[in-house]
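For ligands, and for the atoms within them, numbers begin at 1 and follow the listed sequence.
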Amino acid sequence: MGVWLGNQQLLTGTVVRAFGKFFEVALDESDATLLCTPKGILKRERKGTDIVAVGDRVTVVDVGDGEGRIELVEPRQSVLARLARHTRDTEQVLVANPDQALFLFAATEPVPHPRMLDRFLVLAESRDLPVLIGVNKIDLLAGDPAQVFPEHRAIYPVIDISVRTDQGVNYLRELLEGKITVVAGPSGVGKSSLVNSLNPDLGLAISSISESTGKGKHTTTAAQLFRLGPETYIADTPGIRALALQGVALEDLPECFPEFRPFLGHCRFNDCTHVHEPGCAIREAVGSGEIGFGRYESYVSLRRGDPED
Ligand code: GDP
Ligand code: ZN
């Protein structure tokens, strides 16, 4: 069965890694991957973006010896991209077709960092990327998990997990199924441990997932997808932290805080920055507890362009 091009069978798959002009494609119908090059015509068709990127859905022909040729790249549903260096109009795709982001922190060791989380959240909101927040190492916490990121729990799904005891891991697995999930978080929170626990076949070395906070050794590696199951992938995307630090346009910032949205447009001044103006609906909502003070502080800090602390 399947679709044939002359005597060659057409296979569908997902690009999981890029090596210069070669792309590793994970096939939908099997656990196999093919090392592929795009056929010539694709290069002329795509202007202003990468011809093929990690996350692209592709149709390939198996040419033997584990190699293939990319015949077709499906239109991207979404992209996480940045402007390519030295250009104004060419995007460099970090991941094609991301479905959601998982921002992973630890309940402790290292201590959770709400302001860093907010930077990631603003990035996701600005790209309309749905968000999951994971709190790992819940086994190390004596008290109630609700004490970790209390303000965020009212706004985003927060999943308490422990890779060590397996708590919450199966629930998280369900939330990842059939999706490409971009994972980011500080070093040491358990990203590699989590991906290993979701797919033990991967056998990643601990701390092998790129750290999103640090000047660590992995910051220059390209994005790659780890396959967890059929059409289920975790994206390890080293460029995320830089993108989060870059921030968003100031006028878009209030919209990137979902809990601000009901109050936007109700300030005395149309051009209210929500920092110091009288009659500010956002600041009133902070006063009445409808908007969390920590989240508001993150907003003010991002608005001022504070460096990451
Ligand atoms: P990464 O830098 O985010 O990839 O973090 P790693 O996966 O390398 O984990 C960092 C450390 O945290 C390792 O020593 C892990 O064994 C440990 N760790 C990971 N998950 C858990 C957990 O759920 N509970 C506890 N107590 N330790 C964990
Ligand atoms: Zn205001």
Per-atom contacts of ligand 1 with [X], taking only distances under 4.0 Å to non-hydrogen atoms:
X: Gly190; value: 1 (P), 3 (O), 5 (O), 6 (P), 7 (O), 9 (O), 19 (C)
X: Ser187; value: 2 (O)
X: Ser193; value: 6 (P), 7 (O), 9 (O), 15 (C), 19 (C)
X: Leu140; value: 26 (N)
X: Lys191; value: 1 (P), 3 (O), 4 (O), 5 (O), 7 (O)
X: Asp139; value: 22 (C), 23 (O), 24 (N), 25 (C), 26 (N)

Could you check Glu284 against Arg268 for salt bridge (charged side-chain N to carboxylate O under 4.0 Å, His left out), going step by step and ending with a plain yes or no? CA-CA 12 Å; Glu284 281 164 19; Arg268 186 179 306 163; over 6 Å; no

Rounded to the nearest 0.5 Å, how far apart are CG of Leu250 and CZ of Arg304? 12.5 Å

Measuring from atom CG of Leu172 to atom CG of Leu132, what distance do you get when rounded to the nearest 0.5 angstrom? 7.0 Å

Nitrogen or oxygen atoms of Ile161 and ligand 1 under 3.5 Å apart: no

Cys272 SG to His274 ND1 via the Zn ion (ligand 2), rounded to 10°, gives 110°

If you have a sec, read the angle at the Zn ion (ligand 2) from Cys267 atom SG over to Cys280 atom SG, to 10 degrees. 110°

Students often mix this up, so state it plainly: with edges at 30° and 60°, are the rings of Phe260 and Tyr296 parallel, tilted or perpendicular? tilted

Below 4.0 angstrom, N of the basic side chain to O of the carboxylate: do Glu109 and Lys137 qualify? no

With side-chain contact (heavy atoms from CB on, under 4.5 Å) as the test, would you mind laying out the steps for Gln224 and Val54 before giving the verdict? CA-CA 6 Å; Gln224 67 175 307; Val54 167; 5.5 Å; no

Could you check, using the six-membered ring where one of them is a Trp, whether Phe149 and Tyr156 have ring centers closer than 6.0 angstrom? no

Nearest heavy atom to atom 21 (C) of ligand 1, choosing from Asn136, Leu194, Val169, belongs to Asn136

